[in-house]
There are 2 protein chains.
Amino acid sequence: MQITSRFTIAVHIITALDYFRDMDRVNSEFLAGSVGVNPVIVRTVIGKLREAGIVRTQKGSSGAELARPLDGITFYDIYKAVDSVNEDEGLFHFHEQPNPECPVGRNIHKAMDRRLASVQDAMEAEMKRITLADVVEDIRAEILGEEEQIRPARRKRGKS
Amino acid sequence: MQITSRFTIAVHIITALDYFRDMDRVNSEFLAGSVGVNPVIVRTVIGKLREAGIVRTQKGSSGAELARPLDGITFYDIYKAVDSVNEDEGLFHFHEQPNPECPVGRNIHKAMDRRLASVQDAMEAEMKRITLADVVEDIRAEILGEEEQIRPARRKRGKS
DNA sequence: CTGCACTGTAACATGATATATTACAGCTAT
DNA sequence: ATAGCTGTAATATATCATGTTACAGTGCAG
């Protein structure tokens, strides 16, 4: 199994909201065009980001705005916001009917839970370290790299 | 999304193979009884563990045996063996149609891949640290704890 | 060497869920 | 007022995890 694409879609959307922040009509249809999904998916994902306090929107008018600076939005925040994984059970799906009449079956859950939690914690800790500022920085570098291939910057002049 | 229960089932099976290692007729039906799933599931999971070199089995005769000591079998080994997640794409499902005509859509994948990989690496590193010996140790402690509730051990005597 | 127990695997069934799609009520701005 | 937009419900579809039945082939006990 995999973590839902809603996660990468959410990161894409926030990145685009930042990148196109001075542009008009950055609506769900425009964003859907960039992401390559249905506009309704964009609206639902933005809805979850709004519930989590990551973006602000106004019903009826287009253009969500970020509620926090990019470096205050972590992968973990987004991952939780868009329900990337089952909230109750966590990352691992434990088989549901271990036999209570078997000593192994009766105790396997307790015996494993600590270990599964430590794996999940390791993953979440890393997600808390990565912010949208990191991604935006990376994507700007990529885009600059593209431009250089066409019109090499005159680096000696300093400012572009 | 979640990691398939095949993972916890595999850990359960290996734990049971160790716990019942001196018992006869530990076949797929017996194991299925402990795990609480269909015997065919047990056979397929054991099949994957065999392909990964974690257990040895003999067609036609019951009782798989571990191919390595318990402390040589990590969560990561099992996780890979039973295809807990998509081998090609990894832990995260990236949305599949980012728009190549959009600077963000065209570069988001490259910009995120490093970060997604670091999350996956953190998780896998933790999985490599946990071995089946840890789980077996924990479950033995749980089972001993159960027994004490019924027939308290005379701790002063030393040996039980 | 015969019969039983078991494995390995295919084939099919079922249920859950991620994603797509259509539709529309209500809000906003010009 | 009109057009553009959001939020959300309802429904469809596809994928996949898991369950289940079935059976050929292997090993072993007697």
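Chain A is the first sequence line, chain B the second, and so forth, proteins listed ahead of strands; every chain is numbered from 1. In this text, all values refer to a predicted model and were calculated from it rather than measured experimentally.
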Item to check | Gln2(A) CD - dT17(C) P separation (whole Å) | outcome: 17 Å

Item to check | Nearest-neighbour nucleotide for the Arg25(A) side chain, dA17(D), dT20(D), dG4(D) considered | outcome: dG4(D)

Checklist entry - What pairs with Lys128(B) under salt bridge (charged side-chain N to carboxylate O under 4.0 Å, His left out), at least two apart in sequence or on another chain? => result none

Next on the checklist: Distance check needed: dG19(D) P versus Glu96(A) CD, whole Å only.
Outcome noted: 9 Å

Checklist entry - Is atom CZ of Arg129(B) surrounded by more than 12 heavy atoms (other residues, nucleotides or ligands) closer than 6.0 Å? => result no

Checklist entry - Can you list the residues that meet the salt bridge (charged side-chain N to carboxylate O under 4.0 Å, His left out) rule with Arg43(A), with sequence neighbours excluded? => result none

Item to check | Ala122(A): side-chain contact (heavy atoms from CB on, under 4.5 Å) partners, not counting sequence neighbours | outcome: Glu126(B)

Next on the checklist: Whole angstroms only, please: what is the NZ-C1' distance between Lys48(A) and dA18(C)?
Outcome noted: 12 Å

Give me, pair by pair, the N or O atoms of the protein and of nucleotides 6-12 of chain D that are less than 3.5 Å apart, along with how far apart they are.
residue	atom	partner	partner atom	Å
dT6(D)	OP1	Ser28(A)	N	3.2
dT6(D)	OP2	Ser28(A)	N	3.4
dT6(D)	OP2	Ser28(A)	OG	2.8
dT6(D)	O4'	Gly60(A)	N	3.2
dG7(D)	OP1	Arg50(A)	NE	3.4
dG7(D)	OP1	Arg50(A)	NH2	3.4
dG7(D)	OP1	Thr57(A)	OG1	2.6
dG7(D)	N7	Arg43(A)	NH1	3.3
dG7(D)	O6	Arg43(A)	NH1	2.8
dT8(D)	O4	Arg43(A)	NH1	3.1

Donor-acceptor contacts under 3.5 Å from residues 96-104 of chain B side chains, at least two apart:
residue	atom	partner	partner atom	Å
Glu96(B)	OE2	His93(B)	NE2	2.9
Asn99(B)	OD1	Glu101(B)	N	2.8
Asn99(B)	ND2	Gly33(A)	O	3.1

Next on the checklist: Please list all pairs meeting salt bridge (Lys or Arg N to Asp or Glu O under 4.0 Å) that have one or both residues in residues 20-41 of chain A, counting only residues at least two apart or in different chains.
Outcome noted: Asp18(A)-Arg21(A)

Checklist outcome for this item: When rounded to whole Å, the CD1 to P distance for the pair Ile41(A) and dA14(D) reads 16 Å

Item to check | Any Ser5(A) side-chain N or O less than 4.0 Å from OP1/OP2 of dT19(C) | outcome: yes

Item to check | Within residues 28-66 of chain A or reaching into it, pairs that qualify as ring pair (Phe, Tyr, Trp, His ring centres under 6.0 Å) - sequence neighbours excluded | outcome: Phe20(A)-Phe30(A)

Item to check | Parallel, tilted or perpendicular, as decided by the 30° and 60° cut-offs, for the rings of Phe7(A) and Tyr79(A) | outcome: perpendicular

Checklist entry - Where along residues 14-24 of chain B does a heavy atom come under 4.0 Å from DNA chain D, residue by residue in number order? => result none

Result block: side-chain N/O donor-acceptor pairs under 3.5 angstrom for residues 46-55 of chain B, not counting sequence neighbours:
residue	atom	partner	partner atom	Å
Lys48(B)	NZ	Asp83(B)	OD2	3.2
Arg50(B)	NE	Thr57(B)	OG1	3.1

Checklist entry - Just how far, in rounded Å, is P of dG19(D) from CZ of Arg6(B)? => result 11 Å

Next on the checklist: Rounded to whole Å, please give me the gap between NE2 in His95(A) and P in dG19(D).
Outcome noted: 11 Å

Checklist entry - Between atom CD in Glu65(B) and atom P in dT7(C), what is the gap in whole Å? => result 14 Å

Checklist entry - What is the distance from CG of Leu31(A) to P of dC5(D), rounded to the nearest Å? => result 12 Å

Checklist entry - OP1 or OP2 of dT18(D) less than 4.0 angstrom from a side-chain nitrogen or oxygen of His93(A), does that happen here? => result yes

